[in-house]
Structures are given as structure tokens and as C-alpha cells.
Amino acid sequence: MTSLSSPRPPTMAYTGEAGNIFTWTPAHSRKQQLTWSWDQQQRVISEQAALGRLTHIWPTWAPDGSRIICFGLRGVGKDTVETSVFSVAADGVESWELTGLSGKMPIYGNWSPRGDAFAALVQRGEQDLSLEIIRFDGLGKTVPLISGVPLFWSWSPRGDRLAVHVGGSRRASAAARVVILDAVSGQAVRLVTDRPGEFRVPAWAPHDDLLAYVEQDAHGQDTLVLLDVATGEKGPVAAGEGGTAAVWSPDGKTLAFAHAVRPGSSLFAPVRALDLSSGRTATLLEAPVTGFFWSPQNDALLYVSLDSGRSYLRWHRFLRSSGETSELARFLPSREQMFVLSFFDQYTLSHPPLAPDGKTLAFSGYLLNPGGSATAAQVYVLSLDDSAEPRPVATGDFVCWNLNEPHPGPV
């Protein structure tokens, strides 16, 4: 459950050497290992040890920063893998297996805002994704809620419901829909639409019962819509084709959104923002981006662009107060970092690239340095308070910061 203790300092969690989870706290320059591979103590390098090694992936911070949930993978045969969900104390004192996944592959997960449950996406078959809940008052099993492909979701601010988009668009599947599920019973409490348009995540506002999603009208036009979940009232935000991504600012006062430049593209442009207080929409960025993330203080957008001629990515920062944009770094992403950017509107809810104080960016991959000799992906940090270059802090292929201190949801 959510802690009432003093805020924790900004701390990264990352997947590092030998597939283990580490944390790093810049204020203390302190690195801590949280998980251990079974074959590490023996230091035996053999086919048998490699097959039996337990590795950990996708660390996800609890809202209060006290724990991390990660997925564990252990090869037990040529084509057989055991999979589990682990909970690890952030101080490294204890770790326990929450549940096994019967060898099925975990894809993604995020915590309830109340910290009392964890939602996991599990691949149960070649073409079957299952959204399952792990509640901490009933350890040892997951409770399946809904299945289908593709599948995206967000938690309500109270953590008692989930908005789920399953099946893609109405164009792709007659079974496509957006529904609101009760997080305990798994029962559908509202059908939001059975005509979803081209988009991924139904984005629940962080402090209100407002849900942003895309709906297709009778003429096949896609429209980004805001729904008041409590009253059922809804209104259009913007029409657009090609796929839409929408991300709420942490204070819930602004919705940033963009449409794909063409159907199926991973580039979005322009990025616009709806100000809820005025109802006005303004264009923030004209150039195509591959992902955009709000700063915790709501004062900037961090975004990533693609240099199509040279095949590398660039981090940028857009300041709302001045409208100025600055380039921060050029890099080649690790496979895991690229996965996060490819589904940035889902990962921004759970794996922020910016520290909770908004001062440091973290990412994984390779800097564009002709003289560099790194053969493994590195975890880099970049201070936004000065003009320093990104600096590597560890070998690693995935990184995220702890979350802002949790805020109470609506009553």
C-alpha cells in the first residue's frame, strides 16, 4: 500500500549485467543489485548453467517507491522457459515470487495507483494476449480479466477500474471495443465504444474521471473523444486519420496528442495540446516525432525524433513557457529502449524516462561516438540543468525512474 513516509530521492531501476535488476541513486552515486542469477555464485559457465539461469526483465516501480515488480525467466530445456512475477524490496532486503505464469511470456505490466494490485499482459498463445491482475491480498495466482490482440489499458485514478482497448480498430475487427472493467471482479461495468478508431491506449486522466480514446463514426471518420466516465457525457477533441496517441500531463490539466503521419507509421505529427481550463487546442511541435513524454512538473515535453538519413534517434526538450526546443542527445537505442519508444503512450504510465524532480533524463543504447568501443548497450543519464553530455552509469538495456509521489484520486 502507499507509504506516508518522506519522498524517496530520484532513483533509477535498470536491467544490467547477467539479466539482473539494479538501482542507482544519483544523489548518493549508489548502485545496488536487487536480483541475483542462480548461476552467479558458482561462476560456472556451461551449457547447463546457462539453461538454468534465472534472469529478470522489465522492472516496474510501485507508486510509493518501496518495491519493484519484475518478470523472471529461466530456461529449463532447449525450447522450455519457466516464467514468474517477482516482487523485490527497493532496499534489496527481500524478494519473493508472487506467482508463476506457467511458462507463458510476460509482455508488460503496471501498478494500480493505490499500490494494491499489479496488472500484467501475458502471452497465453500465439495470437492471444491476456490482461491479468495480481492482487496482494491473494498471492499465488493471477486473475484473468480480458483477452485479445492487440490489448492496451490504463488504470483509473482510484485504482478500482481499468479502461481497456482490445482488438484494435473497428476496421480491423468486429470484436474491437473499449470497455471499463472492475479491477476486483473483472466484470465489465461500461462499454465505452464498440467502434474504436485507430489508436492504442485509452488514457485515463490522472486525477479525474476523464477518459481519452478514439472513436469511429458512422462515416468511418476517427475522432479523439473525451468521456466523463461518471456522467457518460462525451465530446470531440480533434478528428484525424492514421492512428492517434494521447498523453495526459501529470497534473491532468493538459492532454497532448498527435496523429500518425500515415497509417501504420511510428511517426506522429503535429503534436498538439488541449488545455482543459480554456478548452483551446494549440500546436506544440510541427516536426514528426517517435514519442513524447511530459516532464513531472508539467512544464516541458521530452520527445524523440528520427534522423531518417542516418538512422539514429535524437532526444529533444520543448519548453512550454518559451516554446523553445533544444536537442539533448543523439543515440542508437537498445532493443528494449526501442520497444518503449514504439509504445510510448503505454510506457509513459509506468516507466518514465525523466526523474521525478524533472532534472535528469535516462535512456539505454549507444551514443554516436566514432571513437567509442562499447559492445553492450549502456544506461546513460543526462542532466537537464546544464549543457553536459550524457554519461554512462552502467551496462544495461532498459532503464526507468521511480514515479512521482502518488496523489489521491477523486472521491
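- Between Asp307 and Arg330, no side-chain nitrogen of the basic residue sits less than 4.0 Å from a carboxylate oxygen of the acidic one, so the salt-bridge criterion is not met.
- Applying the side chain to side chain donor-acceptor pair (under 3.5 Å) test to pairs two or more places apart or on separate chains, those with a residue in residues 288-297 are Ser295-Asp299.
- Side-chain contact between Ser84 and Glu97 is present, with at least one heavy-atom pair separated by less than 4.5 Å.
- Smallest separation of non-hydrogen atoms from Ser350 and Gln346: OG-O, 4.0 Å.
- The distance from the CG atom of Leu267 to the NE2 atom of His259 is 15.0 Å, given to the nearest 0.5 Å.
- Within the 3.5 Å criterion, the main-chain N or O of Pro9 finds a donor-acceptor partner in the side chain of Thr11.
- The shortest heavy-atom contact between Ala203 and Trp248 is O-NE1, 2.9 Å.
- By the side-chain hydrogen bond (donor to acceptor under 3.5 Å, both in side chains) test, Thr223 pairs with no residue at all, sequence neighbours left out.
- By the side-chain hydrogen bond (donor to acceptor under 3.5 Å, both in side chains) test, Thr55 pairs with no residue at all, sequence neighbours left out.
- The pair Arg200-Asp345 meets the salt-bridge criterion, since a charged nitrogen lies less than 4.0 angstrom from a carboxylate oxygen.
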Stepwise ring-ring contact (aromatic ring centres under 6.0 Å, His included) test for Tyr213 and Trp204: CA-CA 9 Å; Tyr213 66 98; Trp204 214 312; over 10 Å; no
As a quick check of understanding, evaluate side-chain contact (heavy atoms from CB on, under 4.5 Å) for Ile180 and Val229, giving each step before the final call. CA-CA 9 Å; Ile180 294 177; Val229 177; 3.6 Å; yes
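- Distance alone, capped at 3.5 Å, is enough to place a donor-acceptor pair between the Ser156 side chain and the Arg161 backbone.
- A donor-acceptor distance shorter than 3.5 angstrom exists from the side chain of Asn298 to the backbone of Asp251, with no hydrogens or angles considered.
- Of all the heavy atoms in Tyr14 and Ala394, the pair that sits closest is OH-CB, 3.3 Å.
- With sequence neighbours excluded, the residues satisfying ring-ring contact (aromatic ring centres under 6.0 Å, His included) with Phe398 are Trp58, His351.
- Annotation: the span from Arg314 atom CZ to Leu306 atom CG amounts to 8.5 Å, rounded to 0.5 Å.
- Residues Val214 and Val225 have side chains not in contact (no heavy-atom distance under 4.5 Å, counting atoms from C-beta outward).
- Within 6.0 Å of atom CD in Glu389, 12 or fewer heavy atoms from other residues, nucleotides or ligands are found, so the atom counts as exposed in its surroundings.
- In this structure, CD on Glu286 lies 9.5 Å from CZ on Arg272, to the nearest 0.5 angstrom.
- Contact annotation: the side chain of Asn402 never approaches that of Met12 to less than 4.5 Å [non-hydrogen atoms, C-beta and beyond].
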Going through the distances and angles, do Phe331 and Phe363 end up as a ring-ring contact (aromatic ring centres under 6.0 Å, His included)? CA-CA 9 Å; Phe331 73 110; Phe363 59 95; 4.8 Å; yes
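- Ion pairing between Asp116 and Arg135 holds under the 4.0 Å rule for side-chain N and carboxylate O.
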Please walk me through it: do Val166 and Arg177 pass side-chain contact (heavy atoms from CB on, under 4.5 Å)? CA-CA 6 Å; Val166 63; Arg177 60 202 187 278; 3.5 Å; yes
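- For the atom pair Ser147 OG and Asp128 CG, the distance stands at 4.5 Å (nearest 0.5 Å).
- With sequence neighbours excluded, the residues satisfying ring-ring contact (aromatic ring centres under 6.0 Å, His included) with His165 are Phe199.
- Looking at residues two or more places apart in sequence or on another chain, you find a ring-ring contact (aromatic ring centres under 6.0 Å, His included) between Phe86 and His56.
- Between Leu382 and Ala388, the closest heavy-atom pair is CD1-O, 3.1 Å.
- Note that CD of Gln32 is 13.0 Å distant from CD1 of Ile21, once rounded to the nearest 0.5 Å.
- Smallest separation of non-hydrogen atoms from Val88 and Ser95: CG2-OG, 3.7 Å.
- Between Ser311 and Leu332, the closest heavy-atom pair is O-CD2, 3.2 Å.
- In terms of the ring-ring contact (aromatic ring centres under 6.0 Å, His included) criterion, residue partners of Phe292 (sequence neighbours excluded) are, by chain and number, Phe344.
- Annotation: side chain of Leu341 is not in contact with side chain of Phe339 (no heavy-atom distance under 4.5 Å).
- Note: Phe118 and Phe71 have perpendicular aromatic rings, judged against thresholds of 30 and 60 degrees for the angle between ring planes.
- Put simply, the side chain of Leu34 reaches to within 4.5 Å of the side chain of Ile68, judged on heavy atoms.
- Under the 3.5 Å distance criterion, with hydrogens and angles disregarded, a donor-acceptor pair is assigned to the side chains of Trp155 and Asn110.
- With ring centers used as reference points, Tyr303 lies 6.0 Å or more from Phe318.
- Under the 4.5 Å side-chain criterion, counting only non-hydrogen atoms from C-beta, Leu151 is in contact with Leu121.
- Considering only residues two or more places apart in sequence or on other chains, Arg195 meets the salt bridge (Lys or Arg N to Asp or Glu O under 4.0 Å) condition with none of them.
- Every residue two or more places apart in sequence or in another chain was checked for a salt bridge (Lys or Arg N to Asp or Glu O under 4.0 Å) with Arg320, and none qualifies.
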Candidate pair Trp24 and Val381, rule side-chain contact (heavy atoms from CB on, under 4.5 Å), full reasoning: CA-CA 11 Å; Trp24 185 72; Val381 294; 3.9 Å; yes
Verify ring-ring contact (aromatic ring centres under 6.0 Å, His included) between Phe268 and Phe257, making sure each step is shown before the conclusion. CA-CA 9 Å; Phe268 295 82; Phe257 64 94; over 10 Å; no
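- The cationic group of Arg67 lies under 6.0 Å from the six-membered ring centre of Phe136 and within 45° of the ring axis, placing it in a cation-pi geometry.
- Scored by the salt bridge (Lys or Arg N to Asp or Glu O under 4.0 Å) test, Arg171 finds Glu198, Asp222, Glu241 as partners (sequence neighbours excluded).
- Qualifying side-chain hydrogen bond (donor to acceptor under 3.5 Å, both in side chains) partners for Ser334, counting only residues two or more places apart in sequence or in other chains: Ser364.
- Counting heavy atoms from C-beta on, the side chains of His316 and Ser305 come closer than 4.5 Å.
- Put simply, CZ on Arg158 and NE2 on His207 are 13.5 Å apart, with the number rounded to the nearest 0.5 Å.
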Report the C-alpha distance between Leu145 and Leu162 in whole Å, list the side-chain angles of each, state the deciding distance to 0.1 Å, and finish with yes or no for side-chain contact (heavy atoms from CB on, under 4.5 Å). CA-CA 10 Å; Leu145 298 185; Leu162 301 101; 3.9 Å; yes
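- Using a distance-only test at 3.5 Å, with no hydrogens or angles considered, no donor-acceptor pair links the side chain of Ser130 to the main chain of Val122.
- Evaluation of the salt bridge (Lys or Arg N to Asp or Glu O under 4.0 Å) rule for Glu94 yields no partner, not counting sequence neighbours.
- Between Leu255 and Leu276 there is no side-chain heavy-atom pair separated by less than 4.5 Å.
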